[in-house]
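A, B, ... follow the sequence lines: proteins, then strands. Residue 1 opens every chain.
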There are 4 protein chains.
Amino acid sequence: MKAVQVVGYHDKLQLNEIPDPQITGPLDVIVKIGGAGVCRTDLHILEGQWAEKSGVALPYTIGHENAGWVHAVGDAVTNVAVGDTVILHPLITCGLCRACRDGDDVHCENSDFPGIDTDGGYAEYLKTTARSVVAIDESLQPADVAALADAGLTAYHAAAKVARMTRPGDTCVVIGAGGLGHIGIQVLEAISGVTIVVVDRNPEAVELAVEVGAHHGIVADGTHVDRVLELTDGKGAEAVLDFVGEGGATAEGIAMLRRAGNYFVVGYGENIDVPTIDVISTEINFIGNLVGSYNDLTELMTLAAQGKVTLHTTKYPLDDFQQAIDDLDAGRVRGRAILIP
Amino acid sequence: MKAVQVVGYHDKLQLNEIPDPQITGPLDVIVKIGGAGVCRTDLHILEGQWAEKSGVALPYTIGHENAGWVHAVGDAVTNVAVGDTVILHPLITCGLCRACRDGDDVHCENSDFPGIDTDGGYAEYLKTTARSVVAIDESLQPADVAALADAGLTAYHAAAKVARMTRPGDTCVVIGAGGLGHIGIQVLEAISGVTIVVVDRNPEAVELAVEVGAHHGIVADGTHVDRVLELTDGKGAEAVLDFVGEGGATAEGIAMLRRAGNYFVVGYGENIDVPTIDVISTEINFIGNLVGSYNDLTELMTLAAQGKVTLHTTKYPLDDFQQAIDDLDAGRVRGRAILIP
Amino acid sequence: MKAVQVVGYHDKLQLNEIPDPQITGPLDVIVKIGGAGVCRTDLHILEGQWAEKSGVALPYTIGHENAGWVHAVGDAVTNVAVGDTVILHPLITCGLCRACRDGDDVHCENSDFPGIDTDGGYAEYLKTTARSVVAIDESLQPADVAALADAGLTAYHAAAKVARMTRPGDTCVVIGAGGLGHIGIQVLEAISGVTIVVVDRNPEAVELAVEVGAHHGIVADGTHVDRVLELTDGKGAEAVLDFVGEGGATAEGIAMLRRAGNYFVVGYGENIDVPTIDVISTEINFIGNLVGSYNDLTELMTLAAQGKVTLHTTKYPLDDFQQAIDDLDAGRVRGRAILIP
Amino acid sequence: MKAVQVVGYHDKLQLNEIPDPQITGPLDVIVKIGGAGVCRTDLHILEGQWAEKSGVALPYTIGHENAGWVHAVGDAVTNVAVGDTVILHPLITCGLCRACRDGDDVHCENSDFPGIDTDGGYAEYLKTTARSVVAIDESLQPADVAALADAGLTAYHAAAKVARMTRPGDTCVVIGAGGLGHIGIQVLEAISGVTIVVVDRNPEAVELAVEVGAHHGIVADGTHVDRVLELTDGKGAEAVLDFVGEGGATAEGIAMLRRAGNYFVVGYGENIDVPTIDVISTEINFIGNLVGSYNDLTELMTLAAQGKVTLHTTKYPLDDFQQAIDDLDAGRVRGRAILIP
């Protein structure tokens, strides 16, 4: 089969002909790829940023946001059947450690991460296990939802926490109106009664965020903290959902937070640097957020099938992988770039 | 190996020589049995009460409360190693359905139940999978803890719910001071600040319950509802943990329950029969309880290793299985009967 | 002022001229009534059904679903000011008992219930306390929202519990497409991602329920349990929200409930009569629901101000109280009847 | 009556004869002080550190950890009666704001703080309101429990959160074996199944902490982070309860925390300074903790009455207030200093 592989760090990706994957274990699942998201992390892999951490042997196939159709299954697979449309949870988890046994897949003690430390989805087929495949509604096209597998799942996971911890009349400030922010806003609008205030430096992104469901849009122009305080009777928001995490976002986000409020950290880059006296005197919390669980992904796919969460994509044939990479690197992609084998 | 098998309903159990189980799949685990609990359910199996429901083909090996040492493992087993002391969760679960993915093993859509619908633990060896074996502290003897695998796990599961829903100063009435009641009381004492009131018809059982941790013991002599109300300023208890569920227990339990209280159903036999107007005007809840999850079992084993939960047992060599069954049937067993191969 | 009073049971209500209420305590609030809901309970009061339970001395002013504007306040009132538009929580609570201190107003140990055991809102003015008045958005008209104060608040309270205990992809069956059902459906649609299936005997009511937000409407024609099972892959719904509670609704509702599901009891009339073996083997819960808390009412008023929850009303001048009562008794009121002084 | 008052910042406290407080409102309560805790905050008040923040007019009576007996009550007081033994919640709350209505007293928008911004308890009598007085078991002496009113309540509040978020087998590292640490350890031991590891620089404090309930004591000698990791299979603790918050405690505490762990901030002084990438990649949370609620205080008093939480005190007659202050300032007090009028 055709597969786009990393052959060397700081080298270009290469399209290779490699053997088709085969079923060898009872829980194996082979997926015919219908769409693979091209992500900024892929650029970082090529730059060698993940080399030491992943320890992956080259060459290997990248691509960690994958969806498609089940092509073959092992004897013990009960959750999907050949022909099912599926999206892949980013991790292959063991199902045996305490975290897995609590449904907390992301903290699995023995996981693989296809596209990062084992073969991924820039290819015609991908071999995974039953624990990674989520059957989705037939109305959904793999290429339309693939990018929800990782970035979207992270946004869903955090937004669903916000939903559980807020009530109608509460305010959630969403910092960052990019891809994750748009997903987060759509999720909040779909499953919570919270009032959504989006803050971003880019006026167009703010406008688009309001179109997809934010109730108030604020351009980050230096007055944005004050404007959030005005909207909240000077008290701040019950929740801040920060998809930025750099460039001063955390200090501003804390300034927008109400007493007893919750700060959801998703974006990263800078440090949270906050006096403990402020943490205790206002009794605020900081909540870390990684990608969601397998069940989170099924819930997000429900919202996608209901049309409540959508994503703009730009599609490329698999052979045009270099163009997709170049477009992403140059900021020329609207929404998410998707490779289609 | 030697195995005690059901050869016909309404027949006696029979000790047969059968082939040792073998590892055939990557997640298989073979356990050398160190102790198998003899349970009233085993008597019911022999009477044919489970024949239709389980659909098991005869002959098969019974015994559903099992502990021992890992004898062999498949290639993909990461959570235990040969030689580990283990207790077996009563179910072999799929790990793939939504319930399993939420850590809610008991509602697995594709589970087996060794000793009920597949070979169990009245034998030298038992074949199960990695998802059923919980490694326990080496200080614990399988024969001492085997009976915690099912009955004890049910009591833990319900008592842990009580613990999460009560606070110091709240009262929990435990109805039934038998085996499950004693485990429940020890768990409540170990992990909650609730005041424990035990109610039972048997004065000796009440006395023993107070010894293992109940703060108040009440003999059910017709005045017991009033006595619970006296202990709670006429308001009733925040929680009722009912291990009886028959003989009028539920009506009495409801009469002991406070407004906004929670009634935990564990024992069964009669109907809950309560006017909806009473349910809504006092805003009470009824909480069903089945056996606990895999992680519940690890938590219970922690308490056992810490000496916070203990169980009285009467041990028999495996060959004396008939004596154990007869003693149980005749009410001659103190605590739980355990077979040791 | 004018007030419509109960002067004798089995007598007609009477319009009397009585003294205006006066501020006498620091937390007193006098509300100029803008709308008072006419409720079936008012008919029951006239029939004497509440006489013994309330112990109220005649004559007194009825009306327990009230909204209006603040007319006067005591010295210590900080949450509302003269002129504010307000809705009244049905209870006047003490603020001192443990339930009040937990925000669980409804279980206050020292509450009054205006319109039931003290003077209510079929009048020009009503005297209450600061703990009962919720300031609402100026865009809301008291006459439009008054009926949300009790019936609507009950529906909100139960639906908000459903929202907290379900996820996208879960199903909630709403039994009963009447006034409470419509509020419940609007609330579920506004704050949860649950799939809503409404069941009612009346085809028009089902149709209207679908218009206000239910995703599936099922006419209760004898096949409705099966149809719910079909919609849920034969597994039943994660939640049943029962606004009927009589005529066999509870048995049917239980049959529609999934393993580990939650049954929310709101309507009443018949008994819940369920074998304990069914409760434990499927591990289902029954959740009682009374009217909501003060904070629940603020949340519902947020949804009302956002246009997410609306109510059809038929308005009458206060002087036409007899017509309103007669229309209600004869089933001639569309939506809720509201008196306007 | 006699009252010890602040007459000027940087001046000594002064014993004055002032008028007895009088009941003027329906919810007023006058408490005859039985014990008033002498706290380090009192030293800070004298140094003027609170002058601007509290805005209190001099002279005024200090003392914010108070217990005694009810001396007189206003007309509307229903939760205590004259003669009751009581402890005082540190805040006088409004009961009307959203926080109060949720039982979240500490975030009341209109609170007074006796001893800080209004007259406190270094006196024969203190005037407060019904919302601040918690009736306690008659077996408890006010002088023995007064210091639980603020410091102890803070420790209880945080430890009770740990209890709700942990399970048997989980580890909680308690940083700081001083007064709050001892209370926290006793609470964890009483109401949770968590394994408690205490860390402190002072070997004697560690030893004492183990005596009151910690399961492992570690002297902070530079190897303590490694020793916690050893105790937790290299994974770190599920919870860190930090009563220090300065001198590098937070960085060390974070290093001791497991993936998906919760860091409870109680002590303060330094900044939490943590890369957002670490927060999200390990998905950890930081939980702020202020003093507990009124209901938290009732729960702590239940544990005190049960003998599960005790406090060492050194008692002084009110007239010897200067000696108590001097002893505290010089580090000569064992446990907490208490003034007894």
Between [atom1] on residue [X] and [atom2] on residue [Y], distance to nearest 0.5 Å:
{"X": "R167(B)", "Y": "D102(C)", "atom1": "CZ", "atom2": "CG", "result": "8.5 Å"}
{"X": "T282(C)", "Y": "H107(B)", "atom1": "OG1", "atom2": "NE2", "result": "7.5 Å"}
{"X": "R259(B)", "Y": "C108(C)", "atom1": "CZ", "atom2": "SG", "result": "9.5 Å"}
{"X": "N285(C)", "Y": "F264(B)", "atom1": "CG", "atom2": "CZ", "result": "9.0 Å"}
{"X": "R98(C)", "Y": "D170(B)", "atom1": "CZ", "atom2": "CG", "result": "5.5 Å"}

Tell me the residues of residues 159-166 of chain C whose non-hydrogen atoms fall below 4.5 Å from those of chain B, in number order. K161(C)

Any residue of residues 39-50 of chain C which, by heavy atoms, sits under 4.5 Å from chain B: none

Residue part contacting chain B, namely of [X], when any heavy atom lies under 4.5 Å:
{"X": "I284(C)", "answer": "backbone"}
{"X": "E109(C)", "answer": "side chain"}
{"X": "T250(C)", "answer": "side chain"}

Could you check which of G269(C), A260(C), G169(C), G267(C) has the highest count of heavy-atom pairs closer than 4.5 Å to chain B? A260(C)

Looking only at N262(C), V265(C), D278(C), V274(C), the option with the highest number of non-hydrogen pairs under 4.5 Å against chain B is V274(C)

Quick one, V266(B) and I280(C) - any side-chain contact, counting heavy atoms below 4.5 Å? no

Got E283(C) and H157(B) here, is their nearest side-chain heavy-atom distance under 4.5 Å? yes

Only counting residues at least two apart or in another chain, list the ones meeting salt bridge (Lys or Arg N to Asp or Glu O under 4.0 Å) with D105(B). R101(A), R131(B)

Please, which pairs that meet ring-ring contact (aromatic ring centres under 6.0 Å, His included) have at least one residue in residues 233-252 of chain C, sequence neighbours excluded? none

For residues Y268(B) and T276(C), report the shortest heavy-atom separation together with the two atoms involved. CA-OG1, 3.2 Å

